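What follows is a single structure, written as structure tokens, with notes after it.
Convention: sequence-line order gives letters A, B, ...; per-chain numbering from 1. Treat the numbers as computed from the prediction; the structure is a model and nothing was measured.
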Protein chains: 2
Amino acid sequence: MAGRRSVEVARSTRERILRKAADIASVEGLGGISIGRLATDLDMSKSGVIGHFGSMEELQLATIDLGSEIFKRLVWDPALPEPSGRQRLLAVCDYWSAYSANPPYPGGCLIATASMELAGQSGPVHERLAGYLTLWHRTLAAEVRYGVEHAQLAASTDPDTVAYILQALTSSIKTATHLSAVPEAADRCRTAMRAVLAGDGADPTDGLR
Amino acid sequence: MAGRRSVEVARSTRERILRKAADIASVEGLGGISIGRLATDLDMSKSGVIGHFGSMEELQLATIDLGSEIFKRLVWDPALPEPSGRQRLLAVCDYWSAYSANPPYPGGCLIATASMELAGQSGPVHERLAGYLTLWHRTLAAEVRYGVEHAQLAASTDPDTVAYILQALTSSIKTATHLSAVPEAADRCRTAMRAVLAGDGADPTDGLR
DNA sequence: CCTACCGATCGGTAGG
DNA sequence: CCTACCGATCGGTAGG
């Protein structure tokens, strides 16, 4: 009825606000989000915007949550049908580099931008992001470990190092493409990722050359 | 005399302002710099701060210049005595990873932070940073090319890909250390870098595994 | 969800 | 280099 409908409307307004906040943050960082600007862009009042969250900090936390959900949906979920280990990792790399090269935000991956911005700061927003990134690193490392244990990757492979390398290669696509005049960054990333996961019995830290 | 002395004083004040601006930007990005905050931190008036630069944009440009100078002094200059090619690249990687793991700023490498922040934006500050990064990428790639031409690195090596990989590995030290609970990031970066430049005749994109 | 408002801070300038 | 000031915008609240 009326109550149900208004709850639904409120939820969709909240989502509209968060999508806009994520778009802004992808370009200028979470610090670029402002209540007044969101209100102007969305044709709302400032109190209408912040009323959904209570404070700027809560809005930033919700933006991080949305960014994490979108990342999971576009990079991890579609790779899940693949068998565990090397094959799943190869699929993750494909979806991940495609996501980074053609991001669902105007300014590139929101998580990558926020990571560099929040790395040196402290507080709840830092902690929230750190939780997601630590989880992702462990997910990747666990997948590598599975590959090693099932002889899909060389026994000398260090799961944490490979997870680190994959993360580094993807998060540099944004800066390389837009700042270092390296438009082919996404291709180079994919080449390097597949070399790391070549699985021809060589040690993964051979694959980078 | 008095004139000379005042010029010198002004220059040293300008440098104090820029050092502080660089420290702030390394933590919060160039957007975190504010004239009022610099004035408070340095016990000056706001007009005393901005008078040295004319505008916020000029202050940010000067901060980028300082960051580039510091990077060159700590990473490139000390590697120059090494012979061109693979040996010089190995030295660059040592200085670079040490600089990234133990940066001369409270918030990590200023250039890395500003790169992610400015990648999606446009304007003079973006252009200034892009110039430095493009130059650095070309410097690295040229050094790799020299190594290939002198049989220090495998003939199949792609200089641009190797330059991309080295840049990616170092710029992720900051986020991995502070957000992904990977305190050994600097070691992993160095391991991967040396693998890329192993020079044992294998293709560099073998080195990553 | 709105209007109307709060104190604080923003970049920048005038005048000295 | 300073004080004093400008209009604009910040996050947030009161009251409806």
Side-chain angles (χ1 to χ4, degrees), chain A residues 1-22 24-25 27-64 117-118 121 123-126, chain B residues 1-22 24-25 27-64 114 117-118 121 123-126 128:
Chain A
M1 318 298 183
R4 185 129 82 187
R5 179 177 156 77
S6 71
V7 166
E8 208 173 297
V9 168
R11 212 181 56 100
S12 95
T13 302
R14 198 188 124 102
E15 274 170 23
R16 267 181 68 232
I17 297 169
L18 282 178
R19 262 312 315 191
K20 190 56 126 181
I24 292 172
V27 177
E28 303 176 31
L30 291 166
I33 301 174
S34 95
I35 301 167
R37 181 171 167 194
L38 285 170
T40 304
D41 289 358
L42 299 169
D43 278 314
M44 295 173 63
S45 67
K46 289 204 299 170
S47 68
V49 169
I50 202 59
H52 285 272
F53 306 94
S55 72
M56 189 65 200
E57 185 170 281
E58 289 296 331
L59 201 168
Q60 290 182 345
L61 288 169
T63 305
I64 296 285
E117 180 186 8
L118 292 173
Q121 305 185 37
V125 188
H126 170 106
Chain B
M1 324 289 186
R4 186 130 83 187
R5 181 179 155 76
S6 72
V7 165
E8 207 174 298
V9 168
R11 213 180 55 99
S12 96
T13 302
R14 198 187 124 102
E15 274 169 23
R16 268 181 67 231
I17 297 169
L18 283 178
R19 261 313 314 192
K20 190 54 124 185
I24 292 172
V27 177
E28 302 177 31
L30 291 165
I33 301 174
S34 96
I35 301 168
R37 181 172 167 192
L38 284 170
T40 304
D41 289 359
L42 299 168
D43 278 313
M44 294 174 64
S45 68
K46 289 203 300 170
S47 69
V49 169
I50 200 60
H52 285 272
F53 305 94
S55 72
M56 189 64 199
E57 186 171 279
E58 290 296 331
L59 201 168
Q60 290 182 344
L61 288 169
T63 305
I64 295 285
E117 179 185 10
L118 292 173
Q121 305 185 37
V125 189
H126 170 106
R128 182 72 60 96

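- Between A:Q60 and A:L30, the closest heavy-atom pair is NE2-O, 3.3 Å.
- Residue contacts shown for A:L42 are absent, as no nucleic acid heavy atom lies under 4.0 Å away.
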Pairing of DNA chain C as dot-bracket, 5' to 3': ( ) intra-strand, [ ] crossing, | other strand, . unpaired, with Watson-Crick or G-U pairs under 3.5 Å? ||||||||||||||||

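- With C:dC10, C:dC1, D:dG12 as the choices, the nucleotide that has an atom nearest any side-chain atom of A:V9 turns out to be C:dC1.
- Distance CD1 (B:I17) to C1' (D:dC1): 10 Å, rounded to an integer number of Å.
- Nearest nucleotide to the B:S55 side chain, out of C:dG12, D:dC2, C:dC2: C:dG12.
- Summarising the geometry, the separation between CG on B:D43 and C1' on D:dC2 is reported as 14 Å, rounded to the nearest angstrom.
- With rounding to whole Å, A:L30 atom CG is found 17 Å from D:dC10 atom C1'.
- Heavy atoms only, all atoms of each residue included: B:I33 and B:T63 are closest at CD1-OG1, 4.2 Å.
- Residues B:A21 and B:L38 approach most closely at N-CD2, 3.8 Å, considering heavy atoms.
- As a whole-Å value, the separation of A:E57 CD from D:dC10 P is 19 Å.
- The CZ atom of B:R37 sits 16 Å away from the C1' atom of D:dC10 (whole-angstrom rounding).
- The closest donor-acceptor contact from the side chain of A:E117 to the backbone of B:G29 lies at 3.5 Å or more, if one exists at all.
- The side chain of A:S34 lies closest to D:dC10, out of C:dG12, D:dT13, D:dC10.
- When rounded to the nearest whole Å, the span between CD1 of B:I35 and C1' of C:dC10 equals 8 Å.
- B:I33 comes within 4.0 angstrom of the backbone, heavy atoms only, and of no base.
- Atom-to-atom, CZ of B:F53 to P of D:dC1 comes out at 10 Å; the value is rounded to the nearest Å.
- Residue B:A10 places its side chain closer to D:dC1 than to any other of C:dC10, D:dG12, D:dC1.
- With DNA chain D read from its 5' end, the first of the two nearest nucleotides for B:K46 and B:R14 is the one closest to B:R14.
- A:L61 approaches A:P124 most closely through the heavy-atom pair CD2-O, 3.7 Å.
- Residues B:H52 and B:A10 approach most closely at CE1-O, 3.3 Å, considering heavy atoms.
- Taking side-chain N and O atoms only, B:S45 has no distance below 4.0 Å to OP1 or OP2 of D:dC1.
- If you measure from atom CE of A:M44 to atom P of C:dT3, you get 11 Å, rounded to the nearest angstrom.
- Contact check, B:T13 against D:dC1: a side-chain N or O comes under 4.0 Å of OP1 or OP2.
- Remark: the A:S47 side chain and the C:dT3 base include a donor-acceptor N/O pair separated by less than 3.5 Å.
- Taking the charged nitrogens against the carboxylate oxygens, B:R19 and B:E15 have no contact shorter than 4.0 Å, which rules out a salt bridge.
- Residues B:I24 and B:R37 share a closest heavy-atom pair of CG2-NH1, 3.7 Å.
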